[in-house]
Amino acid sequence: MLQRPNLLVTFIFWSSWTLNGVVSGPQTNLLHIGCSPFYEHVLSNFSTFSENINTTFREIRDEIVTQNKYFATAQQGNGDNPVSTLFQCRNYLSIPDCVACFDVASVQIRNCSVGAHGARVVYDGCFLRYETSAFFDQTTASFNNAGSCGGSLANTGEASTFTSSAQELLMKLQTTTPKISGFSAAMKTIVPNDNGTTIYAFAQCIETISESGCSSCLNAASSNMPTCLPSTDGRAYADGCFMRFSTSSFFPDNQTIDITPLKKQGSSKKGSIIGGAVGGVAFLLVLLALLAWIRRPKTPMQVPRGELTGASKLARPVTYSYKDLKFATKNFSEENKVGEGGFGAVYKGTLKNGKVVAIKKLNFRQFTRMEEDFESEVMLISNVHHLNLVRLLGCCSNGHKRILVYEYMKNKSLDNFLFGKKKGSLSWKQRCSIILGTAKGLAYLHEEFHIRIIHRDIKTNNILLDDNLQPKIADFGLARLLPEDKSHLSTKFAGTLGYTAPEYLIQGQLSEKADVYSYGVVVLEIVSGRQSNELIIHGDAEGEFLVQKAWKLYQRGMHLELVDNTLDPTEYDAEEAKKIIEIGLLCTQASTEARPMMSEVIALLQNKDLLENMKPTMPILIETN
Ligand SMILES: *[C@@H]1O[C@H](CO)[C@@H](O)[C@H](O)[C@H]1NC(C)=O
Ligand SMILES: *[C@@H]1O[C@H](CO)[C@@H](O)[C@H](O)[C@H]1NC(C)=O
Ligand SMILES: *[C@@H]1O[C@H](CO)[C@@H](O)[C@H](O)[C@H]1NC(C)=O
Ligand SMILES: *[C@@H]1O[C@H](CO)[C@@H](O)[C@H](O)[C@H]1NC(C)=O
Ligand SMILES: *[C@@H]1O[C@H](CO)[C@@H](O)[C@H](O)[C@H]1NC(C)=O
């Protein structure tokens with residue numbers, strides 16, 4: 001199959017919204033039409049191509065009519081003049097309405113010129129697209145974040161309640177839809193104290209993408225929606241998904257699904273209190289270290305592992321020869337060494353083809369599951385692709401040696417920029433973008449990749465920065481190679497102390513919320529430019545650690561004081577800075593249930609109004625007086 005970049009010419013139609021309130025009918029209100037440009041050498045015969053298009057359309061229509069389907073794909077043409085076609089109706093339409101929408105779409109799509117190599121039309125009611133190359137797995141590849149707002153503005157008096165109700169509903173849809181089989185969900189909510197105003201919302205993904213694909217598509221699409229609010233109508237769509245909200249009901253009432261609302265508010269107001277006077281805090285850390293050592297779980301930790309049924313479909317990582325890697329790193333010379341991580345030394349290497357890579361020599365003694373699992377784990381990790389995660393390019397096994405080859409980041413890690421040589425060089429905007437990017441990388445590991453990966457060691461020196469200072473999380477997945485009765489904590493204890501969630505540190509309870517905690521600490525570090533495990537001493541007051549300090553300032557409404565004083569106060573918005581600190585505190589709450597999921601963190605970061613009714617509860621490790 002031909003793989004070309006999908007350069008698409010896009011027209012967006014700002015239709016009038018006269019169809020609001022239409023519950024039934026094919027909903028052929030056109031939202032978008034796009035045509036792929038013409039590429040000379042792909043098609044040899046336009047009439048065959050057109051015939052192939054027609055054949056796929058016929059097959060799809062038949063499938064909808066005879067099998068009562070809302071989603072269908074078809075392909076024609078082997079090698080010559082190939083066509084791939086995809087069609088989807090909103091699941092709340094009746095089958096006759098779905099067919100009617102298809103009939104409108106299959107005519108309208110011909111408005112693209114004969115030579116166009118692809119075309120797509122998006123309606124309220126359905127979506128039709130064809131291309132010369134297969135695109136069924138695309139989520140946001142060619143038309144991302146397209147959307148439109150409509151309707152009137154909500155009653156201004158109630159605008160903020162309206163907006164927050166709508167945002168909450170959209171967020172719920174965004175997190176729920178990928179988990180529902182068929183990837184389609186309709187929900188509604190009544191706006192409080194607004195004369196019964198109801199918001200209806202619907203989300204849908206194409207059925208040929210994965211749960212994670214659906215999730216990232218809706219995430220991209222919905223990030224466009226808040227700009228519509230407080231408009232009473234909004235739509236967003238991309239290659240793999242569609243989302244809409246409106247104050248008029250556009251689907252029958254019996255279509256809504258009932259989900260238990262996401263539990264967001266922390267119910268625990270107490271939070272455990274450990275420790276006494278501040279002078280005792282250093283002692284406390286030692287005590288905790290000891291506790292952790294003694295109470296290491298004897299039984300295997302409950303690490304949720306997804307099914308590995310998809311493993312056969314995973315691509316194999318590249319295998320490098322030991323000789324080549326030795327050559328690339330000048331025999332693993334000190335001069336090429338760029339770091340020493342928890343899992344072994346990292347070297348900068350230049351491969352024979354000139355490509356610069358980071359080569360990590362794993363410290364074998366720590367790994368006992370190596371022999372059996374190394375290959376399958378490496379295969380798994382090398383199939384994790386995300387903008388905010390460091391790519392594993394391949395591996396090498398030589399005798400007892402195990403080596404991993406990663407993409408190289410010449411800017412090294414975030415700690416350099418916060419506490420090291422480059423301290424004070426990050427602008428506020430750059431810091432915000434690192435906070436968001438890191439959240440996206442973690443959300444992918446926790447919620448989107450088909451196997452849940454808990455990092456267990458999120459900290460600023462595991463967050464690398466690329467040439468554009470975008471964050472990329474390193475070392476994920478490696479903790480899975482560690483023997484089950486031994487956490488990384490026992491080896492690199494002191495370094496990660498300030499980052500580790502108390503329940504993991506003390507009881508060995510591991511869940512993705514442990515990463516959320518560490519992430520919260522990183523957020524506070526980025527904002528403050530201070531290290532989490534350093535005592536902050538202010539005047540002759542007693543010293544405090546970062547999380548404590550942040551919490552106490554927050555309680556007094558003075559958390560803006562935490563912001564790094566190397567930042568120019570005109571550079572950032574005080575309200576925004578406060579909210580980011582509050583998000584950091586939400587993540588470091590003592591109660592794991594009260595901490596948000598990473599996808600919720602992303603939603604909060606992108607849309608800080610959502611914070612309105614979320615108040616952080618106390619983190620652990622707060623002294624009593
Ligand atoms: C295209 O294909 C059709 C049917 O196979 C054939 O009749 C026609 O001559 C072809 N045209 C060209 C330009 O090759
Ligand atoms: C494909 O269908 C369209 C519309 O029905 C028609 O105009 C066109 O001639 C058909 N193409 C071929 C090659 O049959
Ligand atoms: C499609 O083409 C027809 C005929 O050229 C034209 O009347 C119609 O407005 C076009 N529709 C769109 C949406 O461009
Ligand atoms: C609710 O309805 C009453 C009576 O129609 C009106 O006076 C009031 O302004 C409405 N409130 C809102 C929030 O729309
Ligand atoms: C919803 O109600 C309509 C009639 O109003 C009925 O035809 C349809 O089967 C119902 N759908 C479901 C899923 O209950």
Side-chain angles (χ1 to χ4, degrees), residues 1-13 15 19 24-91 93-138 141-143 146 206-208 237 239-240 242:
M1 215 29 77
L2 290 153
Q3 289 297 334
R4 280 171 286 98
N6 263 300
L7 301 165
L8 289 157
V9 186
T10 297
F11 315 95
I12 295 188
F13 284 78
S15 343
L19 286 166
S24 60
Q27 302 192 346
T28 52
N29 173 39
L30 180 65
L31 301 173
H32 169 92
I33 176 167
C35 311
S36 306
F38 162 69
Y39 295 92
E40 208 158 0
H41 38 271
V42 181
L43 299 181
S44 58
N45 185 329
F46 283 125
S47 101
T48 314
F49 182 58
S50 164
E51 213 172 277
N52 285 345
I53 296 173
N54 289 2
T55 309
T56 59
F57 284 8
R58 262 197 314 277
E59 284 176 8
I60 285 178
R61 194 176 191 282
D62 277 356
E63 210 171 313
I64 306 166
V65 173
T66 59
Q67 299 176 38
N68 291 347
K69 281 198 168 173
Y70 288 94
F71 178 83
T73 60
Q75 286 179 300
Q76 269 296 312
N78 255 333
D80 250 7
N81 308 300
V83 177
S84 297
T85 304
L86 178 154
F87 176 76
Q88 183 169 41
C89 277
R90 313 305 164 209
N91 291 40
L93 294 189
S94 67
I95 289 296
D97 285 339
C98 176
V99 175
C101 195
F102 177 84
D103 288 343
V104 170
S106 61
V107 171
Q108 183 114 53
I109 204 167
R110 291 177 202 280
N111 266 38
C112 288
S113 70
V114 222
H117 277 212
R120 54 198 142 79
V121 283
V122 182
Y123 299 88
D124 278 342
C126 64
F127 166 49
L128 177 64
R129 179 179 181 190
Y130 72 84
E131 302 285 347
T132 51
S133 55
F135 60 91
F136 300 158
D137 59 347
Q138 289 183 3
S142 56
F143 60 116
I206 60 174
E207 293 176 17
T208 41
Y237 37 88
D239 301 52
F242 174 84

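Since the model is a prediction, treat every value here as computed from it, not as a measurement. Counting starts at 1 for both ligands and their atoms, in listed order. Just the heavy atoms: all of them, side chains too, but no hydrogens, waters or symmetry mates, feed the values below.
- Checking D124 against N29 by side-chain atom types alone, a donor-acceptor pair falls below 3.5 Å.
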Can you list the steps and then say if C98 with C89 is a disulfide (SG to SG under 2.5 Å)? CA-CA 6 Å; C98 176; C89 277; 2.0 Å; yes
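- The shortest contact between atom 4 (C) of ligand 2 and any protein heavy atom is with R110 NE, 3.6 Å.
- Annotation for ligand 1: atoms under 4.0 Å from non-hydrogen atoms of N45 are 1 (C), 2 (O), 3 (C), 8 (C), 10 (C), 11 (N), 12 (C), 14 (O).
- Applying the 4.0 Å criterion to heavy atoms of S47 picks out, from ligand 2, the atoms 13 (C).
- With respect to the salt-bridge test (charged N to carboxylate O, under 4.0 angstrom), the residues D239 and R120 do not qualify.
- Protein heavy atoms come within 4.0 Å of atom 14 (O) of ligand 2.
- For the pair R129 and F135, the cation-pi test (distance below 6.0 Å, angle within 45°) is passed.
- By heavy-atom distance, the residue among V107, I53, N54, N52 lying nearest atom 10 (C) of ligand 2 is N54.
- The line from CZ of F136 to CD1 of I206 is 8.5 Å long, rounded to the nearest 0.5 Å.
- Listed for the T28 side chain is no donor-acceptor partner under 3.5 Å among the backbone atoms of C101.
- Each of the following atoms of ligand 1 lies closer than 4.0 Å to a heavy atom of T48: 1 (C), 2 (O).
- By the definition of a contact as any protein heavy atom under 4.0 Å away, atom 7 (O) of ligand 2 is not in contact.
- Protein heavy atoms come within 4.0 Å of atom 2 (O) of ligand 1.
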